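Keep in mind that the numbers below use all heavy atoms, side chains included, and drop hydrogens, waters and symmetry copies. Within every chain, numbering begins at 1; the chains are lettered A, B, ... in the order of the sequence lines, protein sequences first and strands thereafter. None of the values given here were measured: they were computed from a predicted structure.
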4 protein chains.
Amino acid sequence: MRIKDESKTDLIFKATLNLVKERGLAGITMNDISKAASIATGTLYIYFKNKEELIKALFLECRTVSVQHYFAGLQEISSFEGRMKRLFINIITYKIAFFEVSAFLEQSYHSPFVCIADLKKKEKALKPLFALVKEGIEAGKLKNADEELIISYLFGIIHEMVKKTYFSGKKLSPETIEQLYDMFWDGVRRQ
Amino acid sequence: MRIKDESKTDLIFKATLNLVKERGLAGITMNDISKAASIATGTLYIYFKNKEELIKALFLECRTVSVQHYFAGLQEISSFEGRMKRLFINIITYKIAFFEVSAFLEQSYHSPFVCIADLKKKEKALKPLFALVKEGIEAGKLKNADEELIISYLFGIIHEMVKKTYFSGKKLSPETIEQLYDMFWDGVRRQ
Amino acid sequence: MRIKDESKTDLIFKATLNLVKERGLAGITMNDISKAASIATGTLYIYFKNKEELIKALFLECRTVSVQHYFAGLQEISSFEGRMKRLFINIITYKIAFFEVSAFLEQSYHSPFVCIADLKKKEKALKPLFALVKEGIEAGKLKNADEELIISYLFGIIHEMVKKTYFSGKKLSPETIEQLYDMFWDGVRRQ
Amino acid sequence: MRIKDESKTDLIFKATLNLVKERGLAGITMNDISKAASIATGTLYIYFKNKEELIKALFLECRTVSVQHYFAGLQEISSFEGRMKRLFINIITYKIAFFEVSAFLEQSYHSPFVCIADLKKKEKALKPLFALVKEGIEAGKLKNADEELIISYLFGIIHEMVKKTYFSGKKLSPETIEQLYDMFWDGVRRQ
DNA sequence: CATGAATGAGACTTCATTCAT
DNA sequence: CATGAATGAAGTCTCATTCAT
């Protein structure tokens, strides 16, 4: 018999992400996905109970993978400032490079597929980020604001830039990233 | 006669905005809208050719009204710093108060309903904002960055905060707005 | 607007009964039903939430109508024997004339559509029959057996005969009915 | 090798009968059957060309086995009355004990799987029963009615009782069987 | 032979749109 | 204009059957 190939899950995920990037979460059908993944419609239902489960699974996968990239290489850096910058660069670089993931996550929040319980888990995944911010505040390096406020500020800057970059069709130069980081940093550092 | 028309259009718009806020643009049907607006399905098609036109019209309406609020009372302020701050407060206050408008606009960008031509007009509507930023740069008050970069920075911060506020279910205190503005301002002012 | 025509429910019911008679409950699709009723598929879903509800509603309708026919004209007859015979004739005549109803009810019992709760209500509908049998027993005219036993005996005889008649393609002559009734009566009367 | 085959066929048959008893013939899939039989779906198709063949084969098997039970021990009884009673008891006892077989046969008649040709063979299998009834009529012991009428009467009584017993969840006591037989016998014997 | 993943036709159901009233 | 029942194309999902291992 053919062995159930878990790499097929990946195939399906990739096809879905590409379609969502192009047409939006609202505009894709199970038929679209199966065709994009070069498999039969019925096969989708071997790997996922229904459309909702497929989207939910993809959502969780995207979030997990995203967060892993965010924190890559961070523990090797000693200075707080270095880690902050590396984190910023990590996030924006990843979100640009894998815009489909970024776009999918964004749209999932407003979809009927992802429930609040799933969203709650996000904060857990971002704990190291909270810790880093807390460390900065306590060390007197960041403004004495609510951690969540600072994190919203961080992601807000990045999200908007990533979107703008994608829709403009241009590349994001290292210089622009540097400029953006400077704005971020000047905004949060204690002055 | 004309008055009756407009009031019904408004009714439809309001119903749609509320539904989108609750279920997302992907999850609403023409039937949902007509029920929420307490009119018959067929009546929708008297006022709008089809679903796409309805969404598009609502999109344009939302954008126009939004921008009007953004710039309200701005010309009465003389100092650049004052106008910048007032603009920031205007935008975030409006987006919080009319989250349904904000959420709808956000989702429309990724929908199959709003085309690129429609989006292009946005920049036109935001011209006064571009002018203000340009003025700040030329006056040496803002960092010497690309105007679009600064505007992305501005909206990024606000969008994220607005979303966070809505989903947390809490109110946004004037103090927090003040804090957020400080971060914004420290990020963009020339230092 | 077109007024929701409750006679359409009847149209759907009749189409369904005919199809079930010909192909069995297992072999019919919503598409089949809509075509047989000369309406669009979607229209079915205006009148019934889904296939299960359609079948269930038809089941209840068939049972109600059947029982009404069983007891027609019974109260005009004074003698117990007369009422018993009239009932027997009523039932077998109705089941032959409306074989589609009879067949549908039979098949519904074994379908995934009709639940036990629905079946329970049957006994309530047949109460007058139980009363008649009880009367006969207490008057010493029927064998002193459990009422349910006697009623099973009654329906068993009829059901089998009705099926046999339909599948043979022949008519059931009054003489044969008479013969069958004699067998029934000799079986139940106290001797 | 051949033995292994037959044991698997049996396994499939038993699984199918159980499922039909629980969910009805309409509600079972090849997947259900394979799971209930603890084999792979593909294996089903080694033993049966397709679903129709499986059901048809099971139908024929059930009928053959049923009839064997009906006539078991009959030739050892000398009196007509004794044989008649034994037959009645045999049939009802078997149908109660193997209700799944009884239910399956009943439902098969109305299914798209069993064709008329298959049904015709039934009468052949029941020839000894026809002979017995004929003997009774000619000996002046049974009413002078059509043999088929008497046989319908016999099976009708039994079928209804068997169904009632199963759905009530209770056991059928020997006394009740005796009572039912008395009703049957009083109904058919010449008086 | 046995397996069960893969297939895709066809079932059930939804929903944008039309139309008779 | 307003209505909402009717439509049917298109979506989601199931399941008998095939096939690579």
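D/Tyr47 has no side-chain polar atom (N or O) that falls below the 4.0 Å cut-off from OP1 or OP2 of E/dC1. Side-chain nitrogen and oxygen atoms of C/Lys8 include at least one within less than 4.0 Å of the OP1 or OP2 phosphate oxygen of F/dA6. The shortest distance between the side-chain N/O atoms of C/Tyr45 and the OP1/OP2 oxygens of F/dT7 is not below 4.0 Å. Side-chain nitrogen and oxygen atoms of D/Lys49 include none within less than 4.0 Å of the OP1 or OP2 phosphate oxygen of F/dT17.
When rounded to the nearest whole Å, the span between CG of A/Leu25 and P of F/dG11 equals 15 Å. Between D/Lys35 atom NZ and E/dA5 atom C1' the separation is 12 Å, expressed in whole Å. Remark: C1' of F/dT18 and CZ of D/Phe48 are 18 Å apart, rounded to the nearest angstrom. Going from atom CG of D/Leu54 over to atom P of F/dT17 covers 10 Å, rounded to whole Å. The distance from atom CZ of D/Arg23 to atom P of F/dC15 is 10 Å, rounded to the nearest whole Å. Between the P atom of E/dT7 and the CD1 atom of A/Ile12 lies a distance of 10 Å, rounded to the nearest Å. What separates CD1 of B/Ile55 from P of E/dA16 is a distance of 10 Å, to the nearest Å. The distance from atom CG of B/Leu44 to atom C1' of F/dC1 is 14 Å, rounded to the nearest whole Å.
Considering only the side chain of A/Asn50, F/dC13 comes nearest among F/dC13, F/dT3, E/dC1. Relative to the side chain of A/Ile39, the nucleotides E/dT7, E/dA6, F/dT3 differ in distance, and E/dT7 lies closest. Nearest to the side-chain atoms of B/Ile46 among the listed nucleotides E/dT3, F/dC1, E/dA6 stands F/dC1. Relative to the side chain of A/Thr43, the nucleotides E/dT3, E/dA6, E/dA2 differ in distance, and E/dA6 lies closest.
Each of C/Leu58, C/Asp32, C/Leu44, C/Leu11 was scored for a side-chain contact (heavy atoms from CB on, under 4.5 Å) with C/Thr16, with one residue passing: C/Leu58.
In terms of modelled atom types and a separation under 3.5 Å, the side chain of B/Thr43 and the main chain of B/Ile39 share no donor-acceptor contact. Between the A/Gln107 side chain and the A/Leu25 main chain, a donor and an acceptor come within less than 3.5 Å of each other. A donor-acceptor distance shorter than 3.5 angstrom exists from the side chain of D/Ser111 to the backbone of D/Ser108, with no hydrogens or angles considered.
Within the 4.5 Å cutoff, no side-chain heavy atoms of C/Asn50 are placed close to those of C/Met30.
Using bins of under 30°, 30° to 60° and over 60° for the plane-to-plane angle, the ring pair C/Phe104/C/Phe59 lands in the tilted bin.
When each of D/Ala40 and B/Glu52 is assigned the nucleotide of DNA chain E with its nearest heavy atom, D/Ala40 is the one assigned upstream, toward the 5' end.
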Discussion item. For a ring-ring contact (aromatic ring centres under 6.0 Å, His included) check, start with the C-alpha distance between C/Phe13 and C/Phe48, then their side-chain angles and the critical distance, and finish with the verdict.
Written reply: CA-CA 11 Å; C/Phe13 278 171; C/Phe48 303 97; 5.6 Å; yes
Item to complete: Show your reasoning for whether salt bridge (Lys or Arg N to Asp or Glu O under 4.0 Å) applies to D/Glu106 and C/Lys163.
Response: CA-CA 11 Å; D/Glu106 186 88 2; C/Lys163 253 190 288 183; 2.8 Å; yes
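Remark: F/dC1 base-pairs with no nucleotide in the shown strands. Criterion, Watson-Crick or G-U wobble with two distances under 3.5 Å. Judged by Watson-Crick or G-U wobble contacts below 3.5 Å, the nucleotide F/dA6 has E/dT17 as its partner.
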At a cut-off of 3.5 Å, list every protein nitrogen or oxygen paired with a nitrogen or oxygen from nucleotides 9-11 of chain E, distance to 0.1 Å.
none

